[in-house]
2 protein chains.
Amino acid sequence: MRPSAKKIASVLRQKGHKLTAQRRAVINVVVNSGEHLAPAALYERVRRAHPAIGLVTVYRTLEMLHELGLICRVHRGEKHGYTLAPSGHHHHLVCTECGIVADFTDCDLEVLQQRLSQQTGFKIEGHLLQFLGYCRDCQGGT
Amino acid sequence: MRPSAKKIASVLRQKGHKLTAQRRAVINVVVNSGEHLAPAALYERVRRAHPAIGLVTVYRTLEMLHELGLICRVHRGEKHGYTLAPSGHHHHLVCTECGIVADFTDCDLEVLQQRLSQQTGFKIEGHLLQFLGYCRDCQGGT
DNA sequence: TACCTAACTGAAAACAAGTTTCATTTATAA
DNA sequence: TTATAAATGAAACTTGTTTTCAGTTAGGTA
């Protein structure tokens, strides 16, 4: 389940963070977009609701939400974007055209991981798995 | 098979690129290190052999080698590094401590990819898979 | 309800990785 | 040897992100 704006707000409170108008605005944008948005794009949207907000605040809010595990990062080219974090281990399928993101949870990499670990002697701590392609809407164009 | 310095040099020639002392120096460093090196780190090493080389040239040479498929990029944190490219499709196991890289080729993601494609309607073009952990030598410390 | 203070904010400056520009140099084909 | 397209290095620039710092504010307390 993806967390709601209310849920996120209450987590902030619980952790002793203040709930400012700026943070509310950022949270709303993140909650209401299925895309993974880069900080700059997010900033643009947030400004519609809160024109005076600074880009720095957007960065700081995203950083905080990320640390609390409420949103997560996606890699797309050099920069990265953020989306709501569904609970638990999961991966992304990113549209390289429009940035929309689909989640999936079952990656079945445990077997591969274990074998690699034995073969190489590495102590594997995690993995990075992401599919890249074109979403339904972006397949026609370009 | 990982290509040798000679092999790489001859590919450059074939493609009409000039074989300068700087390029030779960059190629040597890449060939002689099992680590994935960030451009800046590579630059440091290259300077031992060729003190007058510029960072720009390192970037340009890496870019060229990458385009020719002779080396490949690895993600590590925000920046990226380069290692020799073994031929064909492959992935990396990266030590987050020292940056050493192990390759592996069999990722068995076709099944997963096909299922995701059906479920989401995405036309999947590629994937990003990388394991992160500690290599044998780095497991003790820290 | 007013007040207090740590937390938060925004502007500007700083930073890091990478790229572009441009005048100079050089590998290599003729 | 020479001509020239390709390559180089310094410096300036770009882009994404972080730091600094003086001023503002959320929200607990009197």
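First the proteins, then the strands, lettered A, B, ... as listed; each starts at 1.
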Practice prompt. Given side chain to side chain donor-acceptor pair (under 3.5 Å), test B/H91 with B/D103 step by step and report yes or no.
Written response: CA-CA 6 Å; B/H91 296 287; B/D103 297 318; over 6 Å; no
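D/dT8 atom P lies 8 Å from atom CE of B/M64, rounded to whole Å. Rounded to whole Å, the distance from CD on A/Q14 to P on D/dA26 is 21 Å. Here C/dA17 presents its P atom at 13 Å from OH of B/Y82, a figure rounded to the nearest Å. Going from atom NZ of B/K15 over to atom P of D/dA7 covers 14 Å, rounded to whole Å. The nearest whole Å value for the distance from the NE2 atom in B/H50 to the P atom in D/dT8 is 9 Å. The interatomic distance linking A/R47 (CZ) with C/dT9 (P) rounds to 16 Å, in whole Å. Rounded to whole Å, atom C1' of D/dT8 lies 13 Å from atom CG of B/L55. For A/R24 and C/dT9, the CZ to C1' distance is 15 Å, given to the nearest whole Å.
One distance of note links CG of A/L65 with CG of A/L12; it measures 6.0 Å at 0.5 Å rounding.
Taking A/E63 as the reference, A/E67, A/R73 meet the side chain to side chain contact (heavy atoms under 4.5 Å, CB included) condition, with sequence neighbours excluded.
At C/dA7, none of the side-chain N or O atoms of A/T20 fall inside 4.0 Å of OP1 or OP2 (strictly under the cut-off). Regarding contacts with the backbone of C/dA7, every side-chain N or O of A/H17 stays at 4.0 angstrom or more from both OP1 and OP2. Contact annotation: B/Y59 reaches the phosphate of C/dG18 (side-chain N/O to OP1 or OP2, under 4.0 Å). Close to D/dG27, at under 4.0 Å from its OP1 or OP2, lies a side-chain N or O of A/R13. Distances shorter than 4.0 Å separate none of the side-chain N or O atoms of A/Q22 from OP1 or OP2 on D/dA26. Remark: B/T57 is not in phosphate contact with D/dA7, judged by side-chain N or O atoms under 4.0 Å from OP1 or OP2.
Residue contacts for B/R23: at a heavy-atom cut-off of 4.0 Å it reaches the sugar-phosphate backbone alone, with no base atom in range. Within the 4.0 angstrom heavy-atom criterion, no nucleotide atom of any strand lies near B/A40. Using a 4.0 Å heavy-atom criterion, one finds that B/L19 contacts the sugar-phosphate atoms exclusively.
With respect to B/R115 and A/D108, no salt bridge is recorded, no charged nitrogen being found less than 4.0 Å from a carboxylate O.
No more than 12 heavy atoms of other residues, nucleotides or ligands lie within 6.0 Å of CD in A/Q114, so this atom counts as exposed by the packing criterion.
Summary of the strand contacts: B/E63 and A/V58 both lie near DNA chain C, and taking for each the nucleotide with the nearest heavy atom, the more 5' one is attributed to A/V58.
Comparing C/dC8, C/dT9, C/dT20 by their nearest atom to the side chain of B/R60 picks out C/dT20. Taking only side-chain atoms of A/K18, from C-beta outward, the nucleotide of D/dG27, D/dT17, C/dG10 with the closest atom is D/dG27.
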